[in-house]
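Down below is the structure, laid out as structure tokens.
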Amino acid sequence: MSVVEPFDVVDLIRSKRDGGALDSPEIAWLIDAYTRGYVAEEQMAAMAMAIFLNGMTRSEIRDLTMAMIASGDTMNFDTLGKRTTDKHSTGGVGDKITLPLTPLVASFGVAVPQLSGRGLGHTGGTLDKLESIAGWRASISPAEMRAQLADVGAVVCAAGSGLAPADGKLYALRDITGTVEAIPLIASSIMSKKIAEGTSALVLDVKFGSGAFLQDIERSRELASTMVALGTDAGVATTAFLTNMNVPLGRAIGNANEVRESLEVLAGGGPTDVVELTVTFAREMLALVGQTDVDVAPALQDGRAMDTWRRMIAAQGGDPDAALPVPRETSTVTADRDGVVVEQRALPFGIAAWRLGAGRARKQDPVAHAAGIDLHAKPGDIVTKGQPLFTLNTDEPERFARALEALDGAYRIGAHGDAVIDGGPLVAGRID
Ligand code: URA
């Protein structure tokens with residue numbers, strides 16, 4: 001007996017194309033029918049473009065998020081005996097905050113179920129960075145994840161394909177149809193995975209600026225407030241920060257070198273911008289689960305966060321004492337005059353690191369763990385002629401030329417007193 005479908009997808013596409021709003025049963029059916037293959041890829045592509053062009057109401061976005069959650073498994077940590085709290089970043093150049101943040105927060109007795117992804121294009125992926133550590137496994141079973149959360153409190157691992165599978169399918173389609181940058185689609189994509197993950201609290205790091213997914217701060221604000229509303233409606237205590245991604249974060253862009261920099265932060269040092277975001281998010285993640293006004297910085301100084309890091313790495317097969325990979329070839333660019341670094345644009349530095357082998361152009365490509373860029377000077381630093389500005393790292397020297405091409409015009413040394421162009425403060429806003 002054939003099943004009679006309750007809607008005609010072409011009607012729904014027409015309705016969205018003409019600026020209408022879809023109701024809850026229509027959206028639930030659309031996502032379910034797409035997940036089981038009844039709605040064809042080309043039909044969903046047309047729908048994604050109609051959404052891109054015409055937007056969605058808040059209730060449509062909520063329905064879309066809920067439908068994507070319902071397409072797969074959900075996790076539940078209610079009986080873990082610890083509160084769960086997590087962070088998600090929309091991604092940027094040199095963004096390694098998850099690495100020091102997860103063990104830091106877990107060292108306060110809460111659980112951080114951090115499901116992460118791999119890098120694509122110029123923004124790096126947390127799993128790629130951690131895979132620089134010998135033996136470390138990104139894939140663990142739900143039972144292993146639960147046991148590690150109960151014991152260590154900190155887990156960073158790959159999201160299984162069972163979580164919001166409709167999003168996996170739709171994201172791949174958006175990637176090849178020019179429909180990635182639609183706020184309703186980004187918000188529902190991110191929040192469906194985070195809500196399905198079962199965290200009780202969530203801090204969102206929504207980036208703006210040249211190295212971010214959405215460059216314009218007002219669009220980032222809209223994305224942030226859409227996601228905060230989705231989280232709150234689903235019972236997840238959610239706060240968002242708008243953070244500046246005009247300049248690379250920290251001094252390391254790549255994989256192994258970002259782990260090295262994270263270890264500096266866990267040892268009580270590290271670049272001030274990385275420490276500022278780590279501490280800001282840690283405070284908020286703890287406040288959302290009832291630990292208000294906690295002084296988190298001492299846990300970076302006294303070894304508590306480092307201890308949790310070592311246990312977190314070892315629990316997933318990694319050797320926290322293993323030497324990190326080093327590049328076969330390096331090339332250092334020096335200052336051509338005395339002055340002040342007045343500009344250092346995130347996007348070209350991200351592209352250059354990617355071209356050196358730190359990122360991948362296709363999902364199936366491997367990454368070179370030792371590839372990337374080490375920045376020796378940051379905007380505002382005084383430099384003298386001949387002083388190293390940054391070092392390019394790669395295993396394949398033929399990659400230097402294209403990386404340097406990407407960096408043409410990406411940084412500037414000005415005269416003392418010239419304005420530094422960095423797009424303003426690191427944390428530019430908060431939405432809750
Ligand atoms: N990250 C996601 O998971 N989904 C998007 O749509 C964009 C960024």
Side-chain angles (χ1 to χ4, degrees), residues 31 34-35 44-45 47-53 55-56 60-62 64-69 71-72 74-75 86-93 95 97-98 113-129 138 156-199 202-209 211-216 219-231 234 236 238 240-243 245 347 350 359-360 363:
I31 295 303
Y34 175 57
T35 310
M44 201 61 189
M47 179 61 86
M49 186 56 81
I51 294 170
F52 183 95
L53 295 173
M56 277 184 138
E60 282 181 294
I61 301 172
R62 192 179 52 235
L64 180 59
T65 307
M66 292 304 155
M68 293 210 286
I69 295 169
S71 72
T74 52
M75 299 174 102
D86 197 6
K87 184 230 39 159
H88 178 85
S89 158
T90 56
V93 177
D95 183 3
I97 302 298
T98 293
Q114 174 66 237
L115 298 179
S116 295
R118 294 180 190 284
L120 194 61
H122 76 277
T123 58
T126 300
L127 302 180
D128 295 328
K129 296 173 211 233
V156 182
C157 65
S161 55
L163 223 59
D167 173 63
K169 228 180 141 185
L170 182 55
Y171 191 83
L173 181 67
R174 287 165 55 207
D175 213 20
I176 55 167
T177 55
T179 52
V180 166
E181 299 87 350
I183 287 174
L185 297 177
I186 302 171
S188 56
S189 167
I190 292 173
M191 293 306 290
S192 62
K193 286 172 287 196
K194 286 289 153 186
I195 296 167
E197 168 197 285
T199 187
L202 179 65
V203 173
L204 295 163
D205 177 9
V206 182
K207 302 213 174 278
F208 65 90
F213 199 44
L214 298 177
Q215 272 106 59
D216 175 44
R219 299 244 303 144
S220 297
R221 196 185 305 281
E222 188 188 337
L223 175 63
S225 67
T226 307
M227 291 197 291
V228 167
L230 286 171
V236 179
T238 310
F241 290 93
L242 299 174
T243 73
M245 190 24 79
L347 180 60
R360 55 170 70 75
K363 271 204 176 96

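All values derive from a computational prediction rather than experimental measurement. The analysis underlying the following values was restricted to heavy atoms, covering all of them including side chains, and did not include hydrogens, waters or symmetry mates. Whatever order the structure lists ligands and atoms in, that order sets their numbers, starting from 1.
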Nearest heavy-atom contact between Val180 and Phe213 is CG1-CZ, 3.3 Å
Is there a nitrogen or oxygen of Lys193 sitting under 3.5 Å from a nitrogen or oxygen of ligand 1?
yes
Can you tell if the side chain of Arg360 reaches within under 4.5 Å of the side chain of Asp128, non-hydrogen atoms only?
yes
Heavy-atom nearest option to atom 6 (O) of ligand 1, drawn from Glu181, Arg174, His88
Arg174
Measuring from Met245:CE to Ser89:OG, what's the distance to the nearest 0.5 Å?
7.5 Å
[X] heavy atoms, cut-off 4.0 Å: which ligand 1 atoms fall inside?
| X | result |
| --- | --- |
| Tyr171 | 4 (N), 5 (C), 6 (O), 7 (C) |
| Ile190 | 1 (N), 2 (C), 3 (O), 4 (N) |
| Ser189 | 2 (C), 3 (O), 4 (N), 5 (C), 6 (O) |

Just list the side-chain donor-acceptor pairs under 3.5 Å for residues 184-192, sequence neighbours left out, or say none.
residue	atom	partner	partner atom	Å
Ser188	OG	Pro184	O	2.8
Ser188	OG	Leu185	O	3.3
Ser189	OG	Asp167	OD1	2.7
Ser189	OG	Asp167	OD2	3.4
Ser192	OG	Ser188	O	2.9
Ser192	OG	Ser189	O	3.0

Verify whether one side chain among Lys194 and Thr199 offers a donor that lies under 3.5 Å from an acceptor in the other.
no
